[in-house]
Every structure is written in C-alpha cells, then in structure tokens.
Amino acid sequence: MPKKKSEGQYDVIVIGAGPAGYVAAIRCAQLGLKTVCVDNWINKQGEPALGGCCLNVGCIPSKALLESSERFHQLQHGFAEHGIHCGDSRIDVPAMIERKDKIVHRLTSGIATLFKANQVEWVHGTGKLLEGKRVEVSGPNACLLRGEHIILASGSKPNELATAPVNGETIVDSSGALEFSTVPERLGVIGAGVIGLELGSVWARLGSQVVLLEAQQRFLSMADEQIAKEALRQYRKQGLDIQLGQRVTASRVEAGKVTVSYEGGDGENQIVVDRLIVAVGRSPCTEGLYSRESGLELDEKGFVDVNERCRTNRPDIYAVGDLVRGPMLAHKGSEEGVMVAELIAGRKGSVDPDLIPSVIYTAPEVAWVGKTEQDLKSAGENYRVGSFPFAANGRALAMQGGVGLVKLIASGDDDRLLGAHIIGPNASELIAETVLAMEFSASSEDIARTIHAHPTLSEAVHEAALAVDGRALHTVNRAR
Ligand code: FAD
Ligand code: NAD
C-alpha cells in the first residue's frame with residue numbers, strides 16, 4: 001500500500017509509476033539514492049495501483065486478450081488441420097476479462113513488492129513540479145516534497161476526436177476496448193495503428209466484423225514498406241476490413257448503435273457499428289504537472305523538452321517515457337529511466353534511439369529495428385538486402401506459421417547490419433537477436449557465421465543473413 005503521507009528531503013523524486021517511472025525509481029534505490037515515487041493511478045477496483053498505463057490498461061492487458069482470443073481462433077479455425085476436432089466451442093468473455101484482470105493485479109502488486117524490497121517510498125497522489133526542486137502532492141496524501149533530483153514520468157493519454165467523442169459505452173478508447181462484456185457483432189475502429197490493429201484483432205478473432213478507418217493512405221508508415229504491404233495483405237486475408245485514406249467526419253449514437261460518417265477517395269460513406277474504438281495516437285500528460293514558476297519548457301509538439309540524456313532545461317530535472325520525444329513504448333521509457341538513474345548516481349548512461357525495437361502483437365507478429373529500406377533509399381545509402389520466407393522454414397510450418405519473412409538490411413560498404421524487419425511467428429522474440437547484433441555493430445556475416453539450432457524459427461534470421469550475400473541455402477537467392 002502507498003504511504004499515507006510523506007514529507008521531507010529525498011535524493012530523487014519520481015512523478016509517475018509507469019514503466020519509465022517505476023523502473024527509474026527502482027534503479028535509483030538500487031544505487032543507494034533515497035527515492036520517493038508519486039503516482040495517481042486508480043485501477044478499475046478503485047484502488048491505487050502501480051505500473052501506469054502499461055501494466056493497467058496497455059501492454060499487459062492487451063497481450064492477455066490477444067493470447068485468449070488467438071487460442072479461441074485456433075480452436076475454431078486452426079486445430080482441424082492437426083486432426084483435432086472439438087465439439088461446440090464458445091467464448092466466455094467475462095472469464096477472459098477476469099483472467100486479464102488477475103494478470104494485471106499480479107503484476108501491479110509485484111511492483112509494490114519491488115518498491116518495498118528496494119525501499120522506494122510510494123506516495124499516492126498527483127505531483128506538481130514547483131520552483132526550487134520541490135514537488136507539491138495533492139489528493140488525500142497532500143504534502144510537499146524536496147528532492148536533489150526530480151524525474152518526470154507522467155506518461156501519455158489517448159488523443160480525442162471531436163467527430164467521435166468517447167462516451168465509455170458505445171464509443172470507447174483503448175481502455176474501454178479491453179472491457180467489453182460481450183463480443184460486438186460489428187466493431188468500428190478509427191485509426192489502423194498499433195492499438196487499432198491489436199485490439200481490432202482481439203475482437204475479430206472472437207467473431208466481430210471489424211472495420212478500421214485510417215486517415216493515412218499509407219499503411220503502417222513507420223514500418224518497412226515491404227513488410228507493411230505484407231502485413232496489410234495478411235490482415236485483410238483474416239477479414240479485417242482496413243480502409244485507408246478515410247477521414248471520419250461525424251458519428252451519431254442512436255439506440256445503442258453508432259453511425260460513423262467518413263469520406264475518402266471514393267466520396268462519402270457511412271457504417272453502422274455496435275461499438276466504436278477511437279485509437280488515433282496518444283499525447284503526453286503535461287497538464288497540472290508543473291507550475292509556471294518551475295520554468296520547465298515543452299517542445300513544439302507539447303512533449304517535455306529533453307536532450308539525448310533526458311535532461312530538461314532545468315538543472316537536475318529529468319523527463320522520461322511517453323512524456324518525451326521518441327516512440328511511445330514501454331521498453332524505451334524503462335531504458336530512459338535506467339539511464340537517468342545511472343546519470344544521477346554519477347555513472348555513465350545512454351539510450352541509442354536507433355536501436356529501439358517495435359513490435360505489433362498481431363498474428364502474424366510484426367517487429368523491426370533500425371533503418372527501413374525506404375529510409376536508406378531516400379538517404380542514398382549503399383545497402384544490401386537479404387530476406388527469407390517462413391514458408392521455407394520447417395519449424396514455422398510445423399507450427400502452422402509459414403507466412404511472412406525476415407528481411408535484413410546491411411551496409412553495402414562494410415556489411416554492418418542497419419535494419420531488421422520481420423513479419424511472422426514469434427517475430428517479437430526473433431527481433432532480439434538482431435537488436436543485440438546491432439548493439440554490437442555486428443555484420444550480416446557475423447549472423448551468417450553463427451550456429452542457429454535446427455529446427456527453429458531463428459534459422460529464418462540466419463538464412464536472411466546468408467541471403468544478404470546471395471548464399472541462402474534453403475531458398476533461391478535473388479540478386480538485389
Ligand atoms: P505511463 O505508463 O502512462 O505511466 C504514467 C503514470 O504516471 C501513470 O500511472 C499516471 O497515472 C501517472 N501520472 C500522470 N500524471 C501524474 C502526476 N501529475 N502525478 C502523479 N502521477 C501521475 N508499449 C510497448 O512497448 N509494448 C506494448 O505491447 C504496448 N501495448 C500497449 C497497448 C495499449 C492498449 C496502450 C494504450 C499502450 C501500449 N503500449 C505498449 C505503450 C506503453 O503502455 C507506454 O509506452 C508506456 O506505458 C509509457 O510508460 P510511461 O511510464 O512513460 O507512462
Ligand atoms: P498510432 O500512432 O500507432 O496509430 C494511430 C493511427 O491513427 C495512425 O495510423 C494515424 O494515421 C491514425 N489517425 C490519426 N488521426 C486519425 C483520424 N482522425 N482518423 C483516422 N485515423 C487517424 O497510435 P495508437 O495506435 O493510438 O497507439 C498509441 C501509442 O501506443 C503508439 O505510439 C504505440 O507505440 C503505443 N502502443 C504500442 C504497442 C506495441 O508496442 N505493441 C501497442 C499499442 C500501443
């Protein structure tokens with residue numbers, strides 16, 4: 001449980017206990033710094049809980065539902081191929097949600113245990129940075145804290161759309177989409193980004209007819225174009241109706257249904273859905289986080305302005321995670337938290353923005369790190385590409401996962417690995433090898449000369465590395 005009231009002087013005050021803030025707090029305490037963490041999260045049971053968005057309504061609950069829904073989907077559509085036949089199957093949505101809640105509870109209380117073990121003080125309340133390295137805590141535990149160093153980690157919140165205001169019932173944000181009590185017959189999603197695709201997949205696997213309305217013409221513009229194209233093909237094959245270049249102009253709720261009006265290349269259209277998810281990006285939580293007198297500056301996009309070491313414009317004040325520039329990813333925030341803790345303790349610390357992996361946890365999974373082919377092409381770089389399809393990987397076929405590919409991009413000058421792009425089974429795990437390789441400035445030849453166990457999915461990474469040099473063994477090499 002959080003401390004009722006805390007006063008006084010600390011080495012470090014952390015505001016926010018998401019994966020950026022709680023990790024920073026634990027690392028500070030490990031380094032011998034007297035640390036307090038102020039957080040205002042209230043969970044769906046109405047209790048203070050640590051872990052922020054990630055553990056409560058983000059990474060973890062979404063992955064729990066992705067797992068349950070994929071198992072149901074396999075039961076209905078995948079098992080027969082193995083000769084496994086089952087009787088009538090049905091999904092018990094409340095039981096699925098309860099399982100998700102148990103995992104969330106286990107993990108969030110695990111952070112409380114870690115705080116206790118590391119002697120991080122937890123104060124439940126809303127923190128506000130004041131002038132002179134002071135933090136005012138409001139709420140039932142109102143108090144004033146003083147710190148030698150302050151780490152801001154207040155995270156982000158979902159963007160709102162004036163044309164589709166969230167009402168918590170028929171029109172929901174990502175948190176609401178984790179709590180449906182039944183499977184909506186027709187589900188609309190505004191935004192075919194990471195959240196739209198993951199949560200759209202959850203409900204589609206359970207039987208919803210899902211339409212995703214995406215404003216951009218290009219699908220997954222942050223990913224490698226070839227991989228994004230393959231992902232779009234696979235998602236559409238699964239029945240996700242992804243409509244690109246569509247702008248939502250209005251929505252109307254009537255008799256428990258939502259009529260969504262939108263316009264795109266083919267003029268004006270309407271869909272009627274039972275539930276609508278708005279997933280159009282997130283914005284940093286800066287409101288009420290600092291007083292004007294604190295002198296804290298934001299950047300032109302509204303994030304807290306920081307340098308590459310996450311230092312703000314104020315001495316000894318740092319900011320990490322979704323609150324600052326860069327991808328809004330839990331592991332990016334955590335690494336920034338560790339870096340800042342190390343810097344405060346007088347050690348070295350850094351985060352390489354080019355080596356932050358991204359993953360979309362759909363089936364197939366999509367994962368990447370480093371430069372895309374279009375990045376390199378437009379920069380006029382000399383590069384070589386090697387790719388390998390999972391359709392030629394024995395383990396993938398045994399797992400019923402023979403779709404997608406591994407694509408590695410290496411420098412045409414010195415063979416250094418510049419990017420890795422994977423769509424296929426367990427891409428989220430496979431990407432780690434390539435991140436490590438890039439961290440060590442490995443070449444494609446280093447991966448090609450590394451022995452990979454047989455039969456494994458990782459052999460596809462090995463073969464893609466061989467393919468960079470035109471010597472893949474289990475596919476026909478094509479000169480690129
Ligand atoms: P947050 O997790 O947002 O935590 C901030 C904390 O600060 C919260 O507890 C908040 O209540 C508290 N707070 C805010 N203001 C104050 C204040 N003034 N005083 C005190 N406390 C305050 N990322 C991944 O890497 N992988 C995934 O699979 C993934 N899945 C996601 C799925 C969904 C549905 C969503 C919404 C996000 C997902 N993300 C994922 C993104 C990930 O959740 C965020 O990048 C991550 O949580 C950011 O961490 P953070 O610590 O910066 O902020
Ligand atoms: P996103 O940026 O991934 O996708 C939002 C999409 O909405 C974009 O494609 C954008 O073009 C589209 N869009 C914006 N305005 C629109 C409009 N008016 N009409 C139609 N489309 C519109 O953001 P998200 O999916 O909301 O996720 C938020 C953040 O959470 C992301 O930064 C993501 O990194 C993080 N997240 C990560 C994971 C993961 O790592 N697996 C999972 C979920 C969320």
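Note that the numbering runs from 1 along the sequence shown for the chain. Source: prediction; values computed, not measured.
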- Item | Atom of Leu240, atom of Gly200 and distance for their closest heavy-atom approach | CD2-O, 4.0 Å
- Query: Within a strict 4.5 Å, meaning less than it, do heavy atoms of the Pro425 and Phe390 side chains meet?
  - Reply: yes
- Message: Leu408 vs Ser444, test: side chain to side chain contact (heavy atoms under 4.5 Å, CB included). Steps then yes/no.
- Response: CA-CA 8 Å; Leu408 298 184; Ser444 79; 5.5 Å; no
- Message: Tell me whether the count of non-hydrogen atoms from other residues, nucleotides or ligands lying under 6.0 Å of NZ in Lys332 goes above 12.
- Response: yes
- Message: Can you tell me how far apart OG (Ser154) and CG (Leu323) are? Round to the nearest 0.5 Å.
- Response: 4.0 Å
- Check Glu148, Lys34, Glu121 against Tyr10 for a side-chain hydrogen bond (donor to acceptor under 3.5 Å, both in side chains) and give me the one that passes. Glu121
- Value for CD (Glu433) from OG1 (Thr450), rounded to nearest 0.5 Å, stands at 7.0 Å
- Message: Could you walk me through whether Leu50 and Tyr22 satisfy the side chain to side chain contact (heavy atoms under 4.5 Å, CB included) test, starting with their C-alpha distance in whole Å, then the side-chain angles of each, then the deciding distance to 0.1 Å, before giving a yes or no?
- Response: CA-CA 8 Å; Leu50 296 167; Tyr22 85 72; 5.7 Å; no
- Pick from Ile151, Leu296, Asn307: which one makes a side-chain contact (heavy atoms from CB on, under 4.5 Å) with Thr312? Leu296
- Message: Between Asp224 (side chain only) and Gln374 (backbone N and O only), is there a donor and an acceptor less than 3.5 Å apart?
- Response: no
- Is there a donor-acceptor pair closer than 3.5 Å between any side-chain N or O of Asn118 and the backbone N or O of Gln30? no
- Query: Got Ile317 and Leu152 here, is their nearest side-chain heavy-atom distance under 4.5 Å?
  - Reply: yes
- Query: Passes side chain to side chain contact (heavy atoms under 4.5 Å, CB included), Met222 versus Ser358? Steps please.
  - Reply: CA-CA 10 Å; Met222 63 289 199; Ser358 292; over 6 Å; no
- Query: Would you find a donor on one side and an acceptor on the other, under 3.5 Å apart, between the side chain of Trp41 and the backbone of Gly18?
  - Reply: no
- Could you tell me whether the side chain of Ser334 and the main chain of Pro19 form a donor-acceptor pair under 3.5 Å? yes
- With the side chain counted from C-beta on, respond yes when Ser62 and Leu199 share a heavy-atom pair under 4.5 Å apart, and no when they do not. yes
- Query: Under 4.5 Å between any side-chain heavy atoms of Ser443 and Arg416, yes or no?
  - Reply: no
- Query: Going from CG on Asp11 to CG on Leu33, what distance comes out if it is rounded to the nearest 0.5 angstrom?
  - Reply: 5.0 Å
- Item | Pair Asn43-Asn56, side-chain donor/acceptor within less than 3.5 Å | no
- Taking atom CD of Glu263 as the centre, does the number of heavy atoms from other residues, nucleotides or ligands within less than 6.0 Å exceed 12? yes
- Might you confirm whether atom CZ of Arg449 has over 12 heavy atoms from other residues, nucleotides or ligands at distances under 6.0 Å? no
- Task: Can you run down the side-chain hydrogen bond (donor to acceptor under 3.5 Å, both in side chains) pairs that involve residues 103-116, sequence neighbours left out, and say none if there aren't any?
- Result: none
- What are the two closest non-hydrogen atoms of Ala341 and Leu31, and how far apart are they? O-CD1, 3.7 Å
- Message: For residues 453-477, which residue pairs pass the ring-ring contact (aromatic ring centres under 6.0 Å, His included) check, not counting sequence neighbours?
- Response: His452-His462
- Query: Is the backbone N or O of Leu65 less than 3.5 Å from a side-chain atom of Ser68, with the two atoms forming a donor-acceptor pair by type?
  - Reply: no
- Query: Is the backbone of Asp413 close enough, under 3.5 Å, to the side chain of Ser411 for a donor and an acceptor to pair up by distance?
  - Reply: yes
- Item | Minimum-distance pair of heavy atoms, taken over all atoms of Ala112 and Trp122 | CB-CZ3, 3.9 Å
- Item | Donor-acceptor pair between Thr362 and Tyr235 side chains, under 3.5 angstrom | yes
- Message: If I compare all heavy atoms of Arg146 with all of Ile13, which pair ends up nearest, and what's the gap?
- Response: C-CD1, 3.5 Å
- Task: I would like to know whether Glu198 and Ile360 meet side chain to side chain contact (heavy atoms under 4.5 Å, CB included); could you show each step before the answer?
- Result: CA-CA 7 Å; Glu198 289 187 356; Ile360 308 176; 4.2 Å; yes
- Task: Measure the CZ-CG distance between Arg325 and Asp299 for me, rounded to the nearest 0.5 Å.
- Result: 9.0 Å
- Message: Is any side-chain heavy atom of Arg384 closer than 4.5 Å to one of Asp469?
- Response: yes
- Task: Answer yes or no: is there an ion pair linking Arg71 with Glu67, defined by an N-O contact shorter than 4.0 Å?
- Result: yes
- Query: Looking only at side chains, do Tyr318 and Glu336 share a donor and an acceptor under 3.5 Å apart?
  - Reply: no
- Message: Please give me the minimum heavy-atom distance between Leu55 and Ile111, naming the atom from each residue.
- Response: CD2-CG1, 3.7 Å
- Polar side-chain atom of Asp173 near backbone of Gly176 as donor-acceptor pair, under 3.5 Å: yes
- Message: Donor-acceptor check, side chain of Glu365 to backbone of Ala427, threshold 3.5 angstrom: yes or no?
- Response: yes
- Message: Between Lys44 and Glu179, is the salt bridge (Lys or Arg N to Asp or Glu O under 4.0 Å) condition met? List the steps.
- Response: CA-CA 10 Å; Lys44 72 186 238 196; Glu179 300 295 338; 2.7 Å; yes
- Donor + acceptor pair across side chains of Gln234, Gln238 (<3.5 Å): no
- Message: Any side-chain to backbone donor/acceptor pair from Ser221 onto Arg218? Under 3.5 Å, distance only.
- Response: no
- Query: Closest approach of Ala279 and Gly196, non-hydrogen atoms and distance?
  - Reply: CB-N, 4.0 Å
- Heavy-atom side-chain proximity of His331 to Ile356 below 4.5 angstrom: yes
- Task: Give, for atom CG of Leu66 and atom CD of Glu70, the distance between the pair rounded to the nearest 0.5 Å.
- Result: 8.5 Å
- Query: So, do Val320 and Val23 sit near enough that their side-chain heavy atoms are less than 4.5 Å apart?
  - Reply: no
- Message: Rounded to the nearest 0.5 Å, what separates atom CZ in Arg134 from atom CD1 in Ile150?
- Response: 9.5 Å
- Query: salt bridge (Lys or Arg N to Asp or Glu O under 4.0 Å) between Lys229 and Glu225: does it pass, once the steps are laid out?
  - Reply: CA-CA 6 Å; Lys229 225 168 126 185; Glu225 267 175 32; over 6 Å; no
- Heavy-atom distance under 4.5 Å between the side chains of Gln74 and Gln400, does that happen here? yes
- Please answer whether the main-chain N or O of Glu429 pairs with a side-chain N or O of Asn426 as donor and acceptor at a distance below 3.5 Å. no
- Message: For a salt bridge (Lys or Arg N to Asp or Glu O under 4.0 Å) check, start with the C-alpha distance between Glu373 and Lys407, then their side-chain angles and the critical distance, and finish with the verdict.
- Response: CA-CA 10 Å; Glu373 189 168 359; Lys407 172 176 178 176; 2.6 Å; yes
- Can you list every pair that meets side-chain hydrogen bond (donor to acceptor under 3.5 Å, both in side chains) and has a residue in residues 340-355, with sequence neighbours left out? Arg27-Glu342
